[in-house]
Amino acid sequence: MNLKDLENPGVWYRPAPFWSWNDKLCEEELLRQIDEMHKKGYGGFFMHSRVGLVTEYLSDEWMALVKRCAEHARKLGMLAWLYDEDKWPSGFAGGIVPLESDEYRHRFLVLLKKEQIEPGDEILKRIERGNEELFVVKRTMKLGDPWFNGTCYVDLLSKKVTEAFIRSTHERYKKSCGDLFRVSIPGIFTDEPTYLRVHHPKEPTLPWTERFPEEFLRRKGYDIRDHLEELFFNVKDYMKVRYDFFDVATSLFIENFTIPYAKWCEENGIFMTGHYMAEDTLRGQVEWIGAAMPHYEYMQIPGIDKLARHLEQVVTIKQVSSAAEQLGKKWVLCETFGTTGQHVSFLHRKWIADWQAVLGVTYINPHLSLYSMRGERKRDYPPNLFYQQPWWKNERFLSDYFARLNHIVTQGKREVKVLMIHPISSAWCVYSKFDDEIDKLNELFDTITKELVANKIDFHFGDEMILSKHGRVKEAKLRVGEYEYEVVVLPPLLNLKSSTVELLNSLAENGGKVFVLKDFRYGRFFPERVEGKKGRIEFLKKARVFETLEDLIEELKPFSSVDVLDTKTKENAKAVIAQKRVLEDGSYLLFLANTDIDREVHCHLELKEKRKHTYAIDLFNFKLVELKENEFVMFPASSVCIWVTDEEVPAEDEKVVSTGVLLEKEFDFETALNDFEVKMNSFNVLPVDRVEYFEAGGRVFRNEFVSKIWYEFYRLPDGTPFRVEYSFEVRKKPQKLFLVVECAENLDRITVNGREVRYERKSCIFNEEQNFLDVNFGKMEITDLVREGKNTVVLEGRKENNITGPGCHTRVKDPENHRPTEVETIYLVGDFSLVNVDETRYVIDAPKIPDHRDITRDGYPFYVGSFTLKKIFECKKDPGKRYFLKLNGVEAASVEVILNGKFLGVLFWRPFMIDITDALRNGKNELQLVLTNTLFNLIEANHKADVLEETFRRPKSFIDFEHHTDRYILLPFGLENVAVLSSSSR
């Protein structure tokens, strides 16, 4: 263990976010934002075209800015990653490829009734089903799709298309900034490429390419056009036909897209990374990409995405980490944290990252850091993880933690002794749009995967394509790449490749362990087919067959990495998952994560291999703590890294591990701190999100939420005059008040109570003098224009905007002269408090000192920023004790702790406890706590009644009028009290 490297890992271990290039880009602002990322400990960034982009994608200006950012990254020692598409999915080069040739446009099969057939469709087969006449049709995707900039998706089963894509994108980057390849540009991200883009709700679709029949005949020996009915209906030998079809389709996708792409990257000294569409389920893989794992063999840095606020995608991560670890790939990328919502700050990100790390992710690609938040951009699958967030000031702490976490899970070698055969070929056999067989298979697969993880039985998936090339039997073990497995498990499945059967036959003959789990839920899935046809499977005669999942788990327990008992239930602590890594000197690391975000787990740890010393490595506040007891408390979403070694190193006698673990259960109570002095550190904010009057293009809206106006506004022809009125009520006039309007500089006129106010944008760089929160939120002082009573703000201008719908935009023809306008929420910022009229309306009142237990309910419902609590307290300090602060009822993204002028650290999660012994004085002490919140209460879908329950936030969440409420759904912000505790042992 190189503890020095672990304390401050290099850029490759640090987060590199999707950096959303989503507006008219200004070089100075781009460089400022890179500096922001660097200061906060990010190792790099992915330059990612996204919704709202004004600067022309792949233009000379675009290329110049990419190069300038890569040069700046080189200066700072950061990594400037390329991204290969205008939005996603990758392959169409922003529309260049489909326009290059009709031959390159996306093709697919679709099953239709006669009246559904369109001009240009080619009928391949007529099918009679009872009295119904159906047709298998080859369809070519039509031009004109707004998502594809008025073009369409492309045929990634064709190598010509991939070559055209590389020519139009990768070669352009090489020409522009190829001198920075291998220097500050390490690679390029491909996002959600797919062999089938079109999926109708009712009509089944399948992937296709012009050469498919020819390739199928060459590989399988029969004409697929004679068996199209079997692809859609369970007739004749349909399992064999479907197996063959998806085997060919998957192989063509790998051979004609993934391999040429990866080869170009290798030849040009950069890495192919990114992820494929729909990796998460068996159905998703069959429908979109064929199979996920075989692609990872060729990617230099294989990756996935993990979106939404849950921990469901265990299979997804185990797929990619299995392939990477077997084939010796150090880095496993995960595009993560997207769609979790603006209230996600530190706790949820740690919760997700810890879980990912245990499962095998080693490179964190946070989603998303927005160049601009104006208009639709703020609704781009939140959260925004960037400078606009009030908690951004403390981001360095989490970045350092993530760096150490990634460093830990790349040290030594993961200990894995179990291989589970992946059932994707069985999924090919049973796939249908008309039944749920594949979903049942997926449910069984997902269940066994999660149960093994919960029982700390580490394993790899064995993909059959990878096994066919890298698998071999060595005595009584199966070797795949760099790993040897002592047991092979077959989950419930129907089918195997012939190469897999040969391997397992050989393994069984050599005395190897093959465990077969029966279908414990539906009684349908058991290995009986070889490449789609029923056949003899010899190894089953020597395999151990298990009737229940519980019996299998019991038999696999000797292969678990560690035993963790929940002392409250006296059973395995299922919520605590683990990874074990063996280091070169024979010592080993255990990384444990509590995946329960609501419940603490009282753990009893049983190490299977003991050494002279057991240390807990505090990866957050970097310390080594000797573990003297084998019991500790893991709080919700906590984690702990344990190093078991014969090496003796200096360690501290700590009671609190700052990743959320208590090494001592009982503390003595000293005193309670209740009533604090409160100081607000920013101005208060009132969002005005209801439009009194909006008129444009002959349409008039009155007393309507602005969310009802957005897409009416976006649909207007550019140049259409509009007028919009907002109103707010003042009970007590503030001493200082600002109006904040998006793109204020491009409006024709702004008036407050009939008096004109002007906004002059002095720079394209964000600064607090001219901006509020974001570079495009213009701030104007209006103190002298406001009166007590009702006030009216009127915006007048001409519509100019490139947004076409939720999360979608069109290209700007003349970016240089584009002067965008927005009809959005406006903000009043100033020295005031707010009176809650009826939870739907707030009135500006005199400033007040809010109740620190929850300032949201006491005059500051939309406040963005921090507030400071101060308290003087007396303490009789005993030199034989250690002292701690325990914060209770915390509702904040972070809490900074300062005692007697000494900064002690920042608390982000339970138990919200910190050692204060060294800073504590005998007698009088001054405590300061700085609480910071998120953007949620101000900028979120908080008129959506179920917004807090929704785990997947998307642009359409903001216009979900079926769940609309006039009330504001708000989060509390505050702290209840603080306890001073002590421990008699030092």
Side-chain angles (χ1 to χ4, degrees), residues 5-22 25-50 62-84 173-174 176-189 265 268-274 300-301 303 330-337 349 353 361-371 384-389 392-407 410 765-766:
D5 287 348
L6 177 58
E7 183 175 8
N8 187 25
V11 292
W12 271 96
Y13 300 96
R14 295 184 168 277
F18 269 170
W19 182 20
S20 175
W21 286 21
N22 62 1
L25 303 173
C26 161
E27 179 181 321
E28 293 83 358
E29 176 62 11
L30 287 169
L31 301 188
R32 183 197 74 83
Q33 292 189 13
I34 293 173
D35 289 340
E36 276 293 320
M37 288 186 261
H38 182 250
K39 290 173 189 173
K40 299 305 186 289
Y42 284 11
F45 46 84
F46 290 78
M47 294 170 282
H48 180 5
S49 165
R50 284 190 76 91
W62 173 275
M63 290 296 177
L65 291 172
V66 167
K67 182 165 187 177
R68 186 69 187 91
C69 289
E71 289 171 340
H72 197 60
R74 180 183 186 179
K75 175 183 170 185
L76 298 174
M78 298 177 76
L79 305 175
W81 294 86
L82 303 174
Y83 180 95
D84 71 5
Y173 280 122
K174 181 181 177 180
S176 172
C177 48
D179 57 321
L180 295 170
F181 285 10
R182 310 179 187 87
V183 184
S184 60
I185 297 178
I188 188 165
F189 191 108
C265 290
N268 287 278
I270 63 173
F271 297 136
M272 175 190 183
T273 191
Q300 286 83 18
I301 300 179
K330 180 177 181 178
W331 303 110
V332 173
L333 176 143
C334 187
E335 170 198 330
T336 190
F337 311 137
R349 284 191 287 158
V361 169
T362 60
Y363 195 82
I364 297 174
N365 167 218
H367 178 302
L368 182 74
S369 297
L370 298 178
Y371 175 89
N384 175 25
L385 307 171
F386 209 16
Y387 74 93
Q388 298 96 333
Q389 286 281 4
W392 179 249
K393 60 180 178 176
N394 288 320
E395 180 69 3
R396 178 76 196 219
F397 292 97
L398 194 65
S399 295
D400 287 347
Y401 172 74
F402 284 163
R404 294 176 191 134
L405 176 60
N406 289 336
H407 192 278
T410 53
I765 302 174
F766 173 85

Practice task
Look at atom CZ of R32 and say whether more than 12 heavy atoms of other residues, nucleotides or ligands are closer to it than 6.0 Å.
Solution key: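 Correct, the count exceeds 12.
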Exercise for the section: Tell me, yes or no, whether the heavy-atom count around K75 atom NZ, taken from other residues, nucleotides or ligands under 6.0 Å, exceeds 12. Expected result: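 No, NZ of K75 has 12 or fewer neighbouring heavy atoms, counting only those of other groups under 6.0 Å.
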Looking at every non-hydrogen atom in both residues, tell me the closest pair between [X] and [Y] and how far apart they are.
{"X": "R349", "Y": "F337", "value": "O-CE2, 3.4 Å"}
{"X": "P15", "Y": "G41", "value": "CD-O, 4.1 Å"}
{"X": "A353", "Y": "I364", "value": "CB-CD1, 4.2 Å"}
{"X": "M37", "Y": "G44", "value": "SD-O, 4.4 Å"}
{"X": "G269", "Y": "R182", "value": "O-CG, 3.2 Å"}
{"X": "P9", "Y": "R14", "value": "O-NE, 3.2 Å"}

How long is the straight-line distance from [atom2] of [Y] back to [atom1] of [X], given to the nearest 0.5 Å?
{"X": "I270", "Y": "I188", "atom1": "CD1", "atom2": "CD1", "answer": "5.5 Å"}
{"X": "C177", "Y": "E71", "atom1": "SG", "atom2": "CD", "answer": "9.0 Å"}
{"X": "H407", "Y": "E7", "atom1": "NE2", "atom2": "CD", "answer": "11.5 Å"}
{"X": "I185", "Y": "C69", "atom1": "CD1", "atom2": "SG", "answer": "10.0 Å"}
{"X": "I765", "Y": "E28", "atom1": "CD1", "atom2": "CD", "answer": "5.5 Å"}
{"X": "L370", "Y": "N22", "atom1": "CG", "atom2": "CG", "answer": "5.5 Å"}

Measure from the side-chain N and O atoms of [X] to the backbone N and O of [Y], and report whether any donor-acceptor pair falls under 3.5 Å.
{"X": "E335", "Y": "N365", "value": "no"}
{"X": "T362", "Y": "N406", "value": "no"}
{"X": "Y371", "Y": "C26", "value": "yes"}
{"X": "T273", "Y": "I301", "value": "yes"}

Evaluate the side-chain proximity of [Y] to [X]: yes if any heavy-atom separation is below 4.5 Å, no if none is.
{"X": "F189", "Y": "H48", "result": "no"}
{"X": "R68", "Y": "L30", "result": "no"}
{"X": "N394", "Y": "K40", "result": "no"}
{"X": "L65", "Y": "M47", "result": "no"}

In this structure, which one of [options] forms a ring-ring contact (aromatic ring centres under 6.0 Å, His included) with [X]?
{"X": "W21", "options": "W62, F46, Y83", "answer": "W62"}
{"X": "Y13", "options": "Y42, F402, W331", "answer": "W331"}
{"X": "W81", "options": "F18, F181, F271, W12", "answer": "W12"}

Handout entry: D35 bridged to K39 by N-O distance under 4.0 Å
Key = no
Problem - is_close_aromatic(W392, F386), centroid dist under 6.0 Å - result: yes
